[in-house]
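A quick write-up on the structure given underneath.
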Amino acid sequence: MERHHNSVTKTPLDRVQRRSKSKSYRQSLRSCLGATCLTPALTTRRLNISRRAPKSHNITKVNPEQLALMVKTEWQLSYVTPLYQFRHTQLKSYSRQLSAFIAAEKQQGLAVEVEGSHGSFRVSFSVVQGMSEAADDAETVLIQIHLKRLFSRQDEPAKVVWSGLLTCINGSPDYLRSLPKDFTCLPLLCSSGAEGLTSAVKSWFQQTFDCYFGQLEISHTSLQWMIALWTNCQTESAIQFLKMIWTLPVVPPLKVTYTVNGQDAWELWSSVRKDPQKEGNGEDEDENSIDIEEVMRFMQGLKSHFYRHFRLDLSAGKLDQVSTALGSAKCSGMIKISNSKYMISTLTLLTECALLKMPI
Amino acid sequence: MAASFNRSGPSDLETSSVNDQSVSSRSSNRSVRVAEKERRKNEAEDPVVLALKYFNDVEAGTPVNGNDEVEKQLVLVEKVGYSRGLSPDAISVMLEFAMSLRMGTTLCPRVLKCLIPATTVPQEAVVRAVVWLGVGKIPATTQVLFVKWVLTVFDMIDEKDQLRAIYGFIFNFVTDENLCPFICHLLYLLTRKESVRVFRVRKLLELQSKLGRQPFLLHLLSLYKVFCPELVTLSIPSRMRSGFKNHTSPWKSALLFVQKRNGSQVSSNVSLAVTVKDKTSTRKRKHHHLELPKLSSVVNKPAQTETSSSRKLVPLTQLHSFAQLLENMHRIELPSQMGSLLGSSMALHYLDCVQDESALLRLNFWLGYSLHEEFLFCSDGGASQYSEEVLQFLNRLLSTQHFLQEGFSSSEAFLYKFLTVWDGALYRPEILGLLSNIPVIPSSQIGRLLFEPLMQLFFTSSLFFKCGLIECLNNMLLKWLTWHSVYALEDDLDISLHSHTSINMTLSGFKDSVMELVLFVGRLASVGLQLEGCHSVLLSFVLDFYETACDTFLKYGLPLVLLPPSGVFYPALLASDPVSVDRLAYIMYRYKANLTSAKNQEKVTEQAFHISRQTFREFNSYIAVMANYLWNSRVFHPGMGVQLEKELLLKSNVPEYWTSFDLIHHPAFMSYAIDFHRKCWPGRKDMDLNSIKLSKPWGWYLEYLFTQGFDGLKLFFQGNVRQQKAQGDGQGDSTPTQAR
C-alpha cells in the first residue's frame with residue numbers, strides 16, 4: 001500500500017511524463033513503433049483519390065541506353081520492404097557479391113537453372129541518374145545480369161539475361177521520413193528475366209539488406225487509374241486505341257476484349273472531366289489534377305456504352321488487362337511502358353501501390 | 001550379408017518408433033521397458049522382417065512359377081516400399097536378391113521398381129549391384145532399369161567415394177549401346193578432374209563418330225572440357241539443350257510420396273539433415289515466406305567500422321552458450337537478417353536487450369511481411385487452409401512474445417487488418433493468443449481497431465469462441481495492468497534521458513483505454529450470457545475476467561474501479577451452480593476492499609483519484625441485493641434491481657416466493673440444505689427446510705457451507721453482513737454494511 005500511496009500522490013493526474021531510457025512508463029521499442037508510424041499507417045494510408053495529370057516529361061537527364069531498356073521491356077512487379085544499410089556508393093561491391101552469390105547458387109544447382117547454364121554470370125549495378133522526382137525519393141538502381149557463355153567465341157558479347165529496376169518515384173513523404181536513416185526505401189522492383197535469377201537476386205537482397213519481396217498485383221482501381229491517366233495524354237501523344245480485357249464470372253468464364261478508338265476515348269474522357277472554369281480561375285496546377293470521381297465516371301461511360309451494344313454489364317466482371325499505345329498493364333503485375341514521356345506518372349502510381357503493401 | 005540383415009528389420013522398426021515418439025512427444029510417458037518389450041515382440045512377429053529374411057536366405061535356383069511363398073513375401077515388401085519406403089538395410093537385401101538373379105530374371109524388374117528408399121541408400125549395395133551388372137546375365141532392359149534407379153536415388157546414396165573409385169569399371173559400360181545414355185549421365189555425376197583421361201576422351205569421341213553427336217555424349221565431353229580443356233579439342237555448341245533427359249520417371253512419384261510422408265519425421269531428426277529433404281520440404285509449399293531466415297553474419301560492414309574497430313564486434317553466430325553471450329554482451333554484432341533471432345532461444349535473450357531502433361524495425365518488417373503474405377495477400381486462398389507449417393510459425397511467434405512479455409508492433413498492425421476478415425475459426429487459439437499480447441491502444445482508436453471486428457465475431461460465433469474471446473480479453477487486461485504496475489512504479493527512478501522514439505502514454509490515457517476495455521467486455525458478456533442462456537462455462541470465463549477487473553487498484557495500483565453490469569451480476573447471482581455464486585461473492589468482497597482503500601486514500605491525500613458517487617451507489621445496491629436474496633429472503637422487494645408485480649408473483653403460485661433465492665432455497669444451494677438437514681436431524685422423516693431458518697440452525701448451516709469450500713461466501717459474509725438478533729420469531733436478520 002505504501003508504494004501505491006506514493007505513486008498516487010506524486011503523480012499529477014493528467015500529465016505523466018516518464019522518460020527513463022531503459023525502463024519507463026512507455027511501451028518498449030519493440031512494440032511502440034506503432035505510435036510513430038503505425039497509427040497513421042492504419043488510418044491514412046490509402047490510394048490517393050486525386051493525382052496530377054501526367055505531363056509529358058522529356059526525360060533528358062536519363063542515360064538514353066538505360067531509358068531504352070526501361071521502355072522496351074515488359075516488367076514483372078514486386079514490392080520490397082525498406083533496405084537496411086544500402087549505400088548507393090557501394091554498387092561496385094554489390095555487383096561483385098551478387099555475381100559470387102549467383103555462382104554459388106548455381107553450384108548448388110538449386111536456384112539458378114537457366115537454359116544453357118554453361119557459362120558465368122556477371123552482375124552490374126548502376127544508378128539511373130535523373131529519375132527521382134521528389135527530394136525524399138532514393139535514386140533508382142538498375143541491376144543487370146550478363147551471361148558469358150563458356151564455349152562462346154571471344155568476340156561474342158555477353159548477353160543480358162536479367163534486368164531489374166529498384167525505384168521510388170514520388171513516394172509518400174510522410175512514410176519515407178518516418179524511417180530511420182539506416183533504411184533506403186525503394187519499394188518497387190521491376191524485373192524481367194528468368195525466374196531462377198529473380199529468386200536468386202531476391203534472396204541475395206534479403207540476406208544482405210534484410211528486406212523482403214512480395215508479389216505486387218495491380219488492383220482493379222489502379223488499372224482504372226492507368227486507363228484514365230493514359231487517355232488523358234491523347235492530345236499530346238496519341239494513344240491510338242484503348243484496349244481492356246475483362247473476365248465475367250459466368251460458367252464457363254467469359255472473356256471480353258473491349259477496344260475503343262483513341263480519339264473516341266478521349267472525347268468521352270473530356271466529357272466527364274470537371275469544367276475547369278467552374279472550379280475556379282483556372283490555375284494550371286488545379287486544372288491538371290484528376291479526381292477518382294472523374295475516373296469512375298469515365299469507366300461508367302465506357303461500361304454503359306458496352307451495355308447499350310451487347311446487353312452485358314461489365315461492372316460484374318473483373319478488369320484483367322488494359323493497354324494503349326503508351327503501355328500495357330495486367331492485373332497479375334506485369335507492366336510495359338512504351339512511351340518514356342509518361343513513364344514517371346505510371347511509376348508514381350506503382351510506387352504508391354507498392355508502399356501500400358508495406359507491413360508497417 | 002546375413003549379419004547385416006539381422007540388424008535390418010529391427011533397426012527399421014527402431015527408427016520408425018523413435019520417430020513416432022519424437023513427433024508425438026509421447027516418449028516421456030512411455031516406460032523404456034515396455035517399449036523394449038514391444039520392440040522384441042514386433043521383431044519376432046513383424047511380417048516384413050520375416051519377408052526380408054526370406055529374400056536373404058532363399059537359395060539360388062528356387063523356382064518362381066507357382067511359388068506362392070515368394071509372391072506373398074514380395075507383396076509385403078512392395079507394400080512397405082511404396083508406403084513408408086525401405087530402410088537402408090532392406091534395400092541392400094532386396095538389391096542383392098534382384099541383381100544376383102537367384103530366382104531368375106523375371107522378378108528382377110519388379111523388385112527394382114519397389115526399391116524406394118526411406119532415408120538413404122548404402123553405397124556398398126550399389127557397388128555390389130554394379131559388379132553384378134558385369135557378371136550376371138541380366139537382360140538389357142533390366143540393366144537399363146537398374147542404372148535409371150541409381151540415377152534417381154543418386155542424391156540419397158550415403159557416400160560416393162567407392163563409386164568414384166570404380167569410375168573406370170563403370171566407364172566400360174559406355175560401349176553398351178543400350179546403357180550408354182544412362183551410363184553417361186551417371187559418369188557425369190561422378191566425374192572429377194582426375195577421372196578425365198586421354199583414353200576416355202578418345203573412347204567418347206570414337207563413340208560419337210559412330211553414334212553421331214548425341215546430347216549425352218556431348219554433355220559428358222563438355223564436362224571433360226571444363227576440367228581439362230587441353231584434352232578436348234572438340235568445339236561444343238554454345239547453345240545446348242539443358243541437361244540429360246529425365247530418367248527418373250518410374251520412381252519419381254513414389255519417392256516424392258514417401259518423402260512427403262516421412263518428411264516431418266526426418267526433419268525432426270536434426271542429425272539427418274540431408275539436402276534432398278530440404279528440397280522436398282520447400283517443394284511442398286509454393287510460398288515459403290514463413291521460413292525463419294538463417295542466422296548469418298553481416299557481409300557489408302557499415303563504413304563506420306573503422307572508427308569503432310577498437311571495439312571488436314562478435315557475430316551472434318559465433319556464440320554458443322549463455323555464458324559466452326554474457327561475456328560478449330557489449331560487443332555483439334547483429335545478424336544480417338533480424339528475423340533469424342526468433343530461431344534460437346539464446347538470441348532471444350539478446351533480443352530482450354536490444355535497444356537499436358533500426359534493428360527492431362527490421363525485425364518488424366520481416367514479421368509483418370511474413371504475416372501479411374501468409375494471411376492477407378495470398379490470392380489463391382492459401383491462408384484459408386490449415387497447415388502445420390503456419391501453426392509452427394504462429395506458435396514460435398507466440399512463445400517469443402511470451403518470452404519477451406510483449407507483442408511486436410507488426411503483429412499488432414497485422415491483427416487489426418486480419419480481424420476484419422477472420423472467420424473466427426482459422427488458427428483460433430494462436431490468433432487469440434497473439435491478440436492478447438496487443439499493447440495498450442489509445443482509447444480513441446480502440447473501438448474502431450478492436451471492438452468493432454471483435455463484436456461481429458463474438459455475436460456470430462459459437463459458445464466455444466465466445467469463451468475463448470473472453471479469456472483472451474482477460475489476458476489482455478492482465479497484461480496491460482501488469483505493464484502498468486511495473487512501469488508506473490519505476491517512475492521514482494526517473495532519469496530524464498530523451499529518446500525521440502519513446503512514447504509517453506499519460507496515466508489518464510491509459511486509464512481511459514482500460515476503462516473502454518472493461519466496459520466493452522461488460523457489454524459482450526451481458527448479451528453473450530443472454531444469447532447462450534447463461535451458460536455456466538461462459539459465465540465462468542466472464543467471472544474470470546471480473547476477478548481481474550475488481551482488483552485494479554489494490555493489486556495493480558491503477559486508480560480505477562469498474563463494476564460489472566447487471567447483465568453479468570444477476571446471471572451469476574441466480575446461477576444454478578454454487579461455484580458461480582461463490583465466485584461472485586468473492587468478486588464483490590474484492591470490490592469492497594478496493595473501494596474502501598481508495599476511499600481511505602482519498603481522505604489522506606487531496607490529490608487522490610475520485611470515484612464517482614454513482615459507483616458507490618451501484619456497489620451498495622449490489623451488496624443489498626445479494627444480502628437480501630441470500631440471507632434475508634427478501635426477493636423482488638420494491639426498490640431493488642429486479643422487480644415484479646405482486647399479482648404476477650401471486651399468479652405464479654410459488655409459495656413464499658420471497659424465500660426462493662435464499663441460501664436454503666437457491667437452486668445452487670438446495671442440495672446442501674437437504675444434506676445439512678439430514679445431518680442435523682437424522683431421525684426426521686419429513687423434510688422441512690424452513691426449520692433451518694431458525695436462528696441456531698441458520699448459524700450452523702452457514703458454518704457448514706463455509707466448510708464446503710465456499711470461501712467467497714465466507715469472506716463476503718464476514719465483510720458485509722452484520723448479524724442482528726431479531727426479536728420475536730428468533731430468525732436472524734442481516735443488514736448489509738454499506739460502503740460510502
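Per chain, numbering begins at 1; letters A, B, ... match sequence-line order. Bear in mind the structure is a predicted one, so any value in this text is a computation, not a measurement. Values below: all heavy atoms of this structure, side chains included; hydrogens, waters and symmetry mates excluded.
For the salt bridge (Lys or Arg N to Asp or Glu O under 4.0 Å) condition, no pair includes a residue of residues 197-207 of chain A, sequence neighbours left out.
Atom CZ of F408(B) is separated from atom CD1 of I360(A) by 11.5 Å, given to the nearest 0.5 angstrom. Between M358(A) atom CE and S410(B) atom OG the span is 14.0 Å, to the nearest 0.5 Å. Taking OG1 from T208(A) and CD from Q337(B), the interatomic distance works out to 8.0 Å, rounded to the nearest 0.5 Å.
The nearest pair of heavy atoms linking M338(B) to D210(A) is N-OD2, 2.7 Å. Taking all atoms of both residues into account, the shortest heavy-atom contact from L361(B) to F183(A) is CD2-CE1, 3.7 Å. Of all heavy-atom pairs spanning F377(B) and E217(A), the tightest one is O-OE2, 4.5 Å. Taking each heavy atom of A413(B) and P359(A) in turn, the nearest pair found is CB-O, 4.3 Å.
Contacts of D182(A) classified as salt bridge (charged side-chain N to carboxylate O under 4.0 Å, His left out), with partners at least two apart in sequence or in another chain: none.
Most heavy-atom pairs under 4.5 Å with chain A: of the set A359(B), S411(B), S358(B), this distinction falls to S358(B).
Proximity to chain B involves both the backbone and the side chain of Y212(A), based on heavy atoms less than 4.5 angstrom apart. For F213(A), the part sitting under 4.5 Å from any heavy atom of chain B is the backbone (N, CA, C, O) and nothing else.
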